[in-house]
Q: 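Handing you this structure, nothing more for now.
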Amino acid sequence: MKSINVLYVIIFLAIGILSVSFATQGNSYYALGSLSSDGSSESFDKMMSVLMHKRCVNCHPAGDIPLQGEDSHLHNFNISRGKDDHGLSGYQCGTCHQKENNNYSGVPGAPEWALAPLEMAWEGKTRVEIATQMMDPTRNGNRSHDEILKHLTEHKLVLWAWDPGVDAEGTPREKPPVPKMEYIAAVKQWIADGAIIPEN
Amino acid sequence: MKISFIINGSTKSVEVSDGNAPLLWSIRDGLDLKGTKFGCGKAACGACTIHVDDMAVRSCSYPVKMAEGKKITTIEGLSQEGNLHPVQQAWKEEVVPQCGYCQPGFMMATAAMLKEIPNPTDQDIDDNIINVCRCATYYRMRKAIHRAAAINSKNL
Amino acid sequence: MASDLTKNKGLKRRKFLKYTGVGVGLMIGGVWLGRNPIRRKIFELAETMIAPYQGDVSDPLIWIQVTPENQIILHSSKVEMGQGSFTGLAQLAAEELEVDVEKIKVVHAETASGNIDGMGTGGSMSVATLWKPLREMAATMRLMLAKKAAEKLEVSIDDLAFANGVFSAKNRGITYGEIVDGVTDWEIPETPVLKKRSRFKHIGKPIVRVDLYDKVIGAPIFGIDASYSDMLFASVVRSRLVDATMSNYDTSVAENMPGVIKIVKEDDFISVIAKTQVEADNARHKITFDYTTNRSWNIADVEKEITVGNGRKTIIQKEGKSIEEIDEDGDIISLEFRSPIGAHAQMEPNGAVANYKDGKVEIKISTQVPKVTRDEVASALGLSKEDVNIVPTFLGGGFGRRLHTPNAIQAAKMSKAVGKPVKSFFDRKQEFQNDTFRPPTHHVMKAKISKDKKILGIEHQFASGDTLFNSALDPGVEQMMRADIGSIRGGAIIYDLLPHRTTYYHVDLPFATSFWRSLGLLANAFAIESFMDEIAINTNQDPIQLRLNSISNDNPYGERARKVIQACADKAKYTDQISNGKAMGFASTVDGGSPCAHVVEVSIEDDEIKVHKVTVAFDCGIAVNPDQVRAQIEGCVCMGISASMFEKMDLRDNKLYPINYGAYKMALMRHTPREIDIVLLEGADYPGPVGEPPMGPIGAAIGNAVRRLTGKRLTTLPLSLG
């Protein structure tokens, strides 16, 4: 099991470096792994601009109610996370959200549609707080760097952010500010560089 | 395309030109089971609630293609061999419906909840039952849900 | 005639009102009508009237059908939209037919049957207006059955015995079914004397709803469930913008979409007809067109229009001077109130299923006005009324939304265009975008209080949009009355011992507004009853006593109103004191002659108003079915909480928002009070309106409780602490 994980990392790092190279062609000032004096890096900046976007934060709320929509309002009907973050027994996330977006209803969907556990709440936190908590095994579901990498770059629910579908009026939902491949590359770069979290 | 599933105990097929179309319309117009209602078309009101593999699902937002091979129950299949389901029985005893349009969805949601929470508190009911009833029959529904739980526990 | 109207109270009401519904403009049109005192008298009547039933009640055979199989079928010209009138009407019929209610099957009368109600179903009038006529018809029918029984048994009618639904004589019995078997010729006798109230067996009993079982099993009884074989599905293009026209349609993409049969282009609409609903909607979304707007509209523009002083002014009540004219010394207190645009949000969308064939059309539809629907379809298609048959279905909620049915015309035109039956329904977005909304309102309440805390006068000025105006039910009221008697409902001040005055301003709006359960009552009562509470606080009076002391016996409902107010306060143990973080609020109204009072108990939790308990005292006269009267009260309380605390439409750049449930905030299970305690009084020997009057007090009662809890007076619906 562990060896498979390592293999994944190697493969994805390879792909990551390739795609970063691809994404950065013609971007002369971009330097791989460059660190500024306070420890921040372009890869960290890019990653965090995505993780702090509503497509991510809406499902990492600080309370029991998911956030919803472009204005991140509390989910209509006071939908609640329930004991396993999949909703309550009368309705679960899957009562309305299926494995893919539904353009008929405007209801978004992806595999394993659910909330992040409360201890992984991001809403209202700074990027440093989010990153610190994300890399802290006592607060990230005891995930290793590899496992975090996998969640951030492979989990279909996370990557849904770049395929968020349309709302009930047929208006496309806003995507995160960084293109998907560029984001994946940035995450990989940041972890490869030692997952250094800047001071602010 | 042709989609097959087991609905209310029988295997049925429907023919659709788009597999992403809502299962609701295949149930209503394809199979002529009209108890499942169209209310909002975006999984917001619960009038179209059915069970897919025993879980409450809002069929207006459920692509028909995903129903392939699944076990589906609608309000018509909630009663068994002509006997009302305990939830329907309780709804009848408390004389819940007014216009009645949303009631199948509420009964399906309640039946799903009671499987997980056999004896819900008022708070459980407030939290779990989030369908919309414009006649606002919520007051009697709450009584009926408690009564359904009591009928269930008597039957055990 | 004018003097008759003002003097002879007893006779006048029935006679006058009989003319009110139809053609009243023609009958009373004339110079004298322009005189304000008469108009005000009419307003007073409109507040409390029970208009007589507007249809044929002389022929029991179009109402009551007995089959040879001994089944009694009641053909109701009133539709069932949840209010329970099918059950109430069955009780009335059962009483005089001397059968159990379960023996009677109630169905909607098709217009082709000739059983047509001119007014439609609304105004909480079904049981009230049919109270006497239906019992008379049932009694007459039973007499007709008895006569035939006597003939068949070859005895005198006086020798017949009757028990358990069987007439008998000479040891031979005959059921109703056996009596009618083979009979084609009926003679309608003089109406027999009706049973006395003391002998009622069914009226006044909490009999279960006649439609209960169908609604528990999910039977296909609604308009949207109706179908014809070989039916096609339609999707009509409707405007997303208000005050806009659409042009330059491009249907080229839609025409080639899967399942599309035809694009229908009529003078006033364009639509897709396809094999399935999904295909019709998909293709409709591909039709492009241009909008031309007359001007830009935002909600602030609407509020600016809906402002006291703007619009056409009518004085509704003038039992005192306007506040500024009062000479005595005192302080003027004044508050302004607003209510928002309200959506119907009835669960079943509007639509119709039409089958046009050989110059005739049949339409299955959820409508509150089968006659209006028929007449409009006939007119639009150039058919005679006899060639249009409206088959009313059960309504998935009415609330006034189905008093307008242009969708029936569209479905009929499309069926004609495509040569097959067509089903055409709104989707939910269209429902919210193209609703006939409850008009927004603005109210200025003023009172003058003397130094010794005497109330020198109270004044209500308010502005609102159309309710009755521009509706198919408007029988020339606009020209005649100048004030929209729907918008002013509940607007008059019932506290006749206080000098009072009410002035109404009618405003035209750029979107359709119309009937919404209880019409103007919800907003008007919110303003008046909130202000009464403020007067009580200002004059150091108990709010109950203030009201009791302000209603006279000259008011035809005064005594009943006072009893209701007292009963509610007693049952709830009303107090001004805050206890365990909870405060009580009181309000009362008289609507359609049915007094109602509410005491609510609220607390503030997480900065939100929480309603824990509502005590209701209500006097609708005879409660034909006390269980269903209670059901209507419970529904009014919860829908009233929803409208008062959550609901509002917004208007941005000519677009109405929200466009679906969820975003349109409504009260749900968790907002429902844990306890609704109901006291029913029966202060009259006839049944009055039930389905709307209990909506009246709720908004003000909650606001009054919040005032006592926090010191803050809430003046805008939906109520918000923020």
Side-chain angles (χ1 to χ4, degrees), chain A residues 58-59 61 63-71 73-115 118 156-157 160 163-173, chain B residues 16 18-26 38-46 48-68 70 87 105-120 123-132 141 145:
Chain A
N58 280 3
C59 291
D64 288 335
I65 304 174
L67 305 176
Q68 187 180 35
E70 305 304 305
D71 59 352
H73 59 266
L74 290 177
H75 195 301
N76 290 331
F77 304 102
N78 270 29
I79 295 292
S80 187
R81 65 169 66 243
K83 56 182 185 293
D84 65 353
D85 303 309
H86 282 76
L88 298 177
S89 38
Y91 60 86
Q92 299 176 26
C93 299
T95 294
C96 302
H97 297 274
Q98 307 310 328
K99 289 189 174 65
E100 54 191 61
N101 295 323
N102 189 313
N103 290 351
Y104 278 90
S105 61
V107 176
E112 300 177 63
W113 194 271
L115 285 188
L118 192 56
K156 284 185 175 150
L157 182 57
W160 165 87
D163 176 27
V166 297
D167 68 10
E169 277 211 80
T171 311
R173 288 189 182 84
Chain B
V16 291
D18 179 3
N20 289 318
L23 174 60
L24 168 68
W25 297 110
S26 288
F38 170 78
C40 66
K42 66 163 291 200
C45 75
C48 66
T49 305
I50 58 170
H51 297 174
V52 176
D53 289 345
D54 289 332
M55 189 178 106
V57 161
R58 292 182 170 183
S59 59
C60 75
S61 187
Y62 190 90
V64 60
K65 68 184 182 190
M66 284 190 189
E68 179 64 43
K70 297 259 173 51
V87 172
F106 270 95
M107 287 185 274
M108 297 306 286
T110 298
M113 176 186 73
L114 290 178
K115 279 184 209 158
E116 301 291 324
I117 312 175
N119 287 296
Q123 188 65 47
D124 289 332
I125 294 168
D126 284 357
D127 292 342
N128 279 276
I129 301 300
I130 54 170
N131 295 22
V132 178
M141 285 185 195
I145 294 168

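The sequence lines fix the lettering, A, B, ..., with proteins before strands; numbering per chain opens at 1.
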Q: Can we say B:Glu116 and A:Lys83 salt-bridge, meaning some charged N sits less than 4.0 Å from an Asp/Glu carboxylate O?
A: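 No salt bridge links B:Glu116 with A:Lys83.
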Q: Return the minimal non-hydrogen interatomic distance between A:Gln98 and B:Met66, and the atom names on each side.
A: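 Taking A:Gln98 first and B:Met66 second, the nearest heavy atoms are CB-SD, 3.8 Å.
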Q: Are side-chain heavy atoms of A:Ile79 and B:Ile130 found at a separation under 4.5 Å?
A: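 Yes, at least one pair of side-chain atoms sits under 4.5 Å.
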Q: Give the minimum heavy-atom separation between A:Ser105 and B:Cys60, together with the two atoms involved.
A: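 Scanning both residues, the minimum pair turns out to be CB-O, 4.1 Å.
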Q: May I ask you to name which of B:Ala43, B:Ala56, B:Ser61, B:Ala21 has the most heavy-atom pairs under 4.5 Å with chain A?
A: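 Most pairs with chain A among the choices: B:Ser61.
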Q: Which value, rounded to the nearest 0.5 Å, describes the distance between A:Asn102 atom CG and B:Lys42 atom NZ?
A: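 A:Asn102 CG to B:Lys42 NZ: 11.5 Å, rounded to 0.5 Å.
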Q: Just to verify, what does A:Asp84 make a side chain to side chain donor-acceptor pair (under 3.5 Å) with, not counting sequence neighbours?
A: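 Applying side chain to side chain donor-acceptor pair (under 3.5 Å) to A:Asp84 gives none.
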Q: So what's closer than 4.5 Å to chain A heavy atoms on B:Asp18: side chain, backbone, both or neither?
A: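 The answer is the side chain of B:Asp18.
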Q: If you take all heavy atoms of A:Phe77 and B:Ala44, which pair is closest and at what distance?
A: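 Residues A:Phe77 and B:Ala44, closest heavy atoms: CZ-O, 2.7 Å.
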Q: Please list, in residue-number order, every residue in residues 48-55 of chain B that has a heavy atom less than 4.5 Å from any heavy atom of chain A; write 'none' if there are none.
A: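 Residues in range: B:Met55.
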Q: If you measure from OH on B:Tyr62 to NZ on A:Lys99, what distance do you get to the nearest 0.5 Å?
A: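 The OH atom of B:Tyr62 sits 7.0 Å away from the NZ atom of A:Lys99.
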Q: Out of B:Ile117, B:Leu114, B:Asp124, B:Asp127, return the one with the most heavy atom pairs under 4.5 angstrom to chain A.
A: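 Heavy-atom pairs under 4.5 Å are most numerous for B:Asp127.
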